[in-house]
There are 4 protein chains.
Amino acid sequence: MPTPATPDPTRRNDAVRRAILAAALDQVGEVGYAKLTIERIAKTAGVGKQTIYRWWPSKGALFFDAFLDLAGDGEAAALPDTGDLAADLTLVLTATVAELNDERLDRAMRALHTEIVLDQTLAADYATRLDNPMRELKKARLRAAQDAGQLAADVDLEVAVDLIWGPILNRWLHRTAPLTSEYAEQVVDTALRGLQPRPTSGPDR
Amino acid sequence: MPTPATPDPTRRNDAVRRAILAAALDQVGEVGYAKLTIERIAKTAGVGKQTIYRWWPSKGALFFDAFLDLAGDGEAAALPDTGDLAADLTLVLTATVAELNDERLDRAMRALHTEIVLDQTLAADYATRLDNPMRELKKARLRAAQDAGQLAADVDLEVAVDLIWGPILNRWLHRTAPLTSEYAEQVVDTALRGLQPRPTSGPDR
Amino acid sequence: MPTPATPDPTRRNDAVRRAILAAALDQVGEVGYAKLTIERIAKTAGVGKQTIYRWWPSKGALFFDAFLDLAGDGEAAALPDTGDLAADLTLVLTATVAELNDERLDRAMRALHTEIVLDQTLAADYATRLDNPMRELKKARLRAAQDAGQLAADVDLEVAVDLIWGPILNRWLHRTAPLTSEYAEQVVDTALRGLQPRPTSGPDR
Amino acid sequence: MPTPATPDPTRRNDAVRRAILAAALDQVGEVGYAKLTIERIAKTAGVGKQTIYRWWPSKGALFFDAFLDLAGDGEAAALPDTGDLAADLTLVLTATVAELNDERLDRAMRALHTEIVLDQTLAADYATRLDNPMRELKKARLRAAQDAGQLAADVDLEVAVDLIWGPILNRWLHRTAPLTSEYAEQVVDTALRGLQPRPTSGPDR
DNA sequence: TGGTAAGCGAGACGGTACGTCGAGTCTTAAG
DNA sequence: CTTAAGACTCGACGTACCGTCTCGCTTACCA
């Protein structure tokens with residue numbers, strides 16, 4: 001007996017599905033997530049409301065799918081590895097900072113973030129589909145750095161990732177201060193070298 | 001005729017105000033922020049809707065006030081300073097972790113967080129009334145550590161604060177993994193010592 | 001404890017009530033009862049849908065009220081009594097025929113009729129508020145005719161009323177043939193004199 | 001290319017047709033005409049919606065067909081003619097009264113009636129297929145009575161039919177009072193003899 | 001006897017209206 | 001002037017059916 005909530009997906013019209021996801025992203029950029037209604041998405045996509053409700057249980061789930069469809073393509077690459085960890089991280093974080101400073105992307109990501117924060121189900125889905133794969137890439141780069149002797153061998157990579165990316169995300173979310181590439185540099189530098197004073201005896205080595 | 005938008009605050013009935021704030025907090029814990037409506041708060045508080053609209057511009061602002069009323073008491077103290085920075089930070093973060101693991105407080109803080117993330121006005125208000133004062137306390141403790149030679153003199157304190165508190169908040173928000181005091185310890189330790197390998201031939205050992 | 005379905009009527013805004021009833025009648029004439037929607041009435045009346053649902057349980061009940069408001073005024077008069085029963089009845093029925101031939105009134109009355117036919121509650125209400133009072137007037141006129149010796153004393157007045165008005169209403173409803181004043185005359189004449197052959201002995205008297 | 005509006009009737013699956021008509025009648029009795037939907041009929045009949053739309057233009061037309069299928073059988077006979085007009089009419093009307101007092105038939109006939117009242121097209125169809133044939137039977141019986149000298153020769157038979165059947169249908173529709181065979185008798189009696197006083201000095205007595 | 005053109009069950013689709021909920025405004029009556 | 005109460009307009013919610021459409025499938029007819 002099939003679950004009535006999830007109708008036969010083989011009958012699904014994919015053009016309609018894509019139109020809906022596109023409309024959702026489009027309208028988030030247009031009016032913001034708070035004013036994004038199912039009715040507006042349906043109208044923009046030229047679709048009946050029922051068609052949306054047939055395939056998604058909530059605005060959050062729909063938007064979530066829309067965003068992940070967007071993000072999922074092309075992110076599969078690995079992080080750069082020139083041999084210089086600090087430089088590579090700075091590069092990556094600078095790119096992230098640029099993305100987060102894009103008006104439309106900023107809106108969409110904030111919306112996605114709040115959905116995830118409030119809904120455990122979406123959080124788990126997000127972790128599986130986007131966050132964990134990204135974390136693996138980050139950890140792979142850090143592991144390479146460990147092998148190259150640029151990172152302490154006993155550092156927990158989970159903590160390391162949080163230490164580098166956490167501050168950026170936090171400043172972005174809370175708008176504590178403008179999010180600049182200088183800040184990204186500072187974070188990388190400080191995270192790598194630590195907050196404690198370096199030993200005064202002799203130069204860095 | 002006075003501006004209707006800002007009624008004479010001296011006339012305000014403070015018992016009513018407290019009843020409203022209490023109802024707001026109560027009902028967030030009860031049904032969650034998404035289902036928290038002005039009408040529900042009014043009914044719970046035994047108050048007319050107009051009374052709420054007279055004094056607060058939005059649900060977010062009201063909830064915000066309610067939360068700050070709660071948080072404002074008792075947080076005025078400085079951070080502990082036993083002379084051992086790492087221990088002090090671990091203590092503080094462990095307390096934070098405990099708070100964030102409390103069901104009702106978790107819900108309320110997530111709600112507050114999402115409001116802030118989406119609303120620049122509230123973000124500014126939050127910074128002024130809660131985040132900046134807290135940051136000053138944190139920075140004061142770190143500055144003391146600098147004076148005591150436990151922290152590098154050239155470290156930017158803003159970055160230092162982000163490096164220590166950012167990872168905790170992020171893991172809480174995204175539920176990447178359970179938020180434990182062990183994790184707090186690891187973060188403090190790693191942030192202080194840095195990710196890079198410590199020189200093997202030096203006074204450290 | 002007041003019934004939640006019927007809120008305090010003293011607070012009711014009567015201008016709004018009248019606007020709704022007027023809009024209902026107006027739009028029945030405009031688009032017909034089948035295409036008459038609550039939404040259309042609300043829009044025409046410049047009123048929120050909720051206001052309609054607050055005071056009426058269904059489209060039928062609303063339309064019913066609208067119609068009776070219209071019909072209730074001015075119908076209080078008695079039927080004409082010139083002493084000539086046949087002439088008086090013909091006059092009354094001719095007027096009725098004229099009303100039923102008016103496009104807009106025809107539509108409204110058909111709508112009312114179907115509501116009454118399908119809904120016992122409305123039928124009872126209709127009887128109380130409109131049909132019974134009208135029947136009383138009709139019976140009063142016939143009783144006067146009995147007193148004047150123009151109507152058989154042993155005739156059941158209920159049956160008499162049905163015999164005179166029934167054919168008219170039926171032809172109107174089923175459109176068996178055009179509804180003319182000639183037909184009305186014929187009905188009155190035949191009902192009064194009966195279908196059986198009159199005695200041939202001597203003229204009518 | 002054949003007109004899509006009129007599919008080849010020779011191909012029609014008659015079992016399906018009967019299932020649909022049966023489902024329509026069944027569900028009218030079950031939930032009433034107002035809640036009778038095409039979708040419900042289709043589901044009950046185990047039939048796709050398209051199959052219904054292929055053969056009927058509207059719910060009214062479908063129900064109409066269903067009803068006439070039911071009524072068409074057995075009604076072909078003539079009205080009884082024992083030579084006693086009054087007795088024959090009373091017999092027929094008593095049977096009609098019994099039918100109209102049957103719960104399920106009552107529902108179905110009310111539904112049919114309202115469709116006819118509101119839809120001129122159906123009214124014409126109804127006249128052609130059911131009402132006119134019945135009227136002819138009625139008029140034939142009355143004509144026989146005229147020939148037998150039981151009915152005035154100058155009476156318009158259309159009016160006569162209306163005078164006899166109209167009151168019954170009206171009382172049924174409006175539920176003015178319970179529909180009994182006594183009432184039927186009274187109507188026949190009064191219609192035949194007329195409302196006016198009979199001359200006291202004459203052959204009648 | 002096999003190809004093909006219906007009829008058919010199923011159900012997704014774009015729509016319209018439903019009846020409900022809550023937002024934010026306005027009015028009334030009590031204090 | 002503030003307050004509780006609640007009616008008001010408005011807009012979105014999520015659901016039910018409408019009538020159209022497309023999909024495989026079965027079932028005749030015709031070559």
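Order of the sequence lines fixes the chain letters, A, B, ..., with proteins taken first and strands second; residue numbering starts at 1 for each chain. Quick note: numbers below take in every heavy atom, side chains included, and nothing from hydrogens, waters or symmetry partners.
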Can you give me the N/O atom pairs linking the protein to nucleotides 28-31 of chain E at distances under 3.5 Å, or say none if there are none?
none

Measure from the side-chain N and O atoms of A/K59 to the backbone N and O of A/L36, and report whether any donor-acceptor pair falls under 3.5 Å.
yes
Among residues two or more places apart or on two chains, list those pairs meeting ring-ring contact (aromatic ring centres under 6.0 Å, His included) that have a residue in residues 104-124 of chain D.
C/H113-D/H113, C/H174-D/H113
Ignoring backbone atoms, establish whether A/T51 has a side-chain N or O less than 4.0 Å from OP1 or OP2 of E/dA12.
no
From OH of D/Y53 over to C1' of E/dG11, roughly how many Å is that when rounded to an integer?
14 Å
Enumerate donor-acceptor pairs with a distance under 3.5 Å from any side-chain N or O in residues 116-124 of chain A to protein atoms, sequence neighbours excluded.
{"residue": "A/D119", "atom": "OD1", "partner": "A/T121", "partner atom": "N", "Å": "2.8"}
{"residue": "A/D119", "atom": "OD1", "partner": "A/T121", "partner atom": "OG1", "Å": "3.4"}
{"residue": "A/D119", "atom": "OD1", "partner": "A/L122", "partner atom": "N", "Å": "3.3"}

With sequence neighbours excluded, tell me which residues meet salt bridge (charged side-chain N to carboxylate O under 4.0 Å, His left out) with A/R110.
A/D106
Does a distance-only test, which skips hydrogens and angles, find a donor-acceptor pair under 3.5 Å between the side chain of B/K49 and the base of E/dG24?
yes
Which of the following nucleotides, E/dC13, E/dA17, E/dG14, is nearest to the side chain of A/V47?
E/dG14
In chain order, what residues pass the side-chain contact (heavy atoms from CB on, under 4.5 Å) check against A/R12, with sequence neighbours excluded?
A/R17, A/W55, A/W56
With sequence neighbours left out, what residues match A/R107 under salt bridge (charged side-chain N to carboxylate O under 4.0 Å, His left out)?
A/E103
State which of F/dA16, E/dA12, E/dT25 makes the closest approach to the side chain of A/Q50.
F/dA16
Sorted by chain and residue number, the ring-ring contact (aromatic ring centres under 6.0 Å, His included) partners of B/F63 (sequence neighbours excluded) come out as B/Y33
Where along residues 23-44 of chain C does a heavy atom fall under 4.0 Å from DNA chain E?
C/T37, C/I38, C/E39
Set of salt bridge (charged side-chain N to carboxylate O under 4.0 Å, His left out) partners for A/R175, sequence neighbours left out
none
Given E/dC13, E/dT25, E/dC8, identify the nucleotide with an atom nearest to the side chain of D/W55.
E/dC8
Let me know, please, whether A/G48 or D/R12 comes out on the 5' side of the other along DNA chain E by nearest nucleotide.
D/R12
Comparing nearest nucleotides in DNA chain E, the 5'-proximal residue of the pair D/D14, C/P57 is D/D14
Computed from five pairs at either end and rounded to 10 degrees, the angle between the axes of the helix from E/dT1-F/dA31 to E/dG31-F/dC1 is 10°
Taking every heavy atom of A/A24 against every heavy atom of A/A66, the minimum-distance pair comes out as CB-CB, 4.2 Å
Keeping to residues at least two apart or across chains, list the salt bridge (charged side-chain N to carboxylate O under 4.0 Å, His left out) pairs with something in residues 35-46 of chain B.
B/E39-B/K49
Those residues at least two apart in sequence (or on a different chain) that pass salt bridge (charged side-chain N to carboxylate O under 4.0 Å, His left out) with D/R18 are D/D14
Please report the distance, rounded to the nearest Å, between CZ in A/R54 and C1' in E/dC13.
6 Å
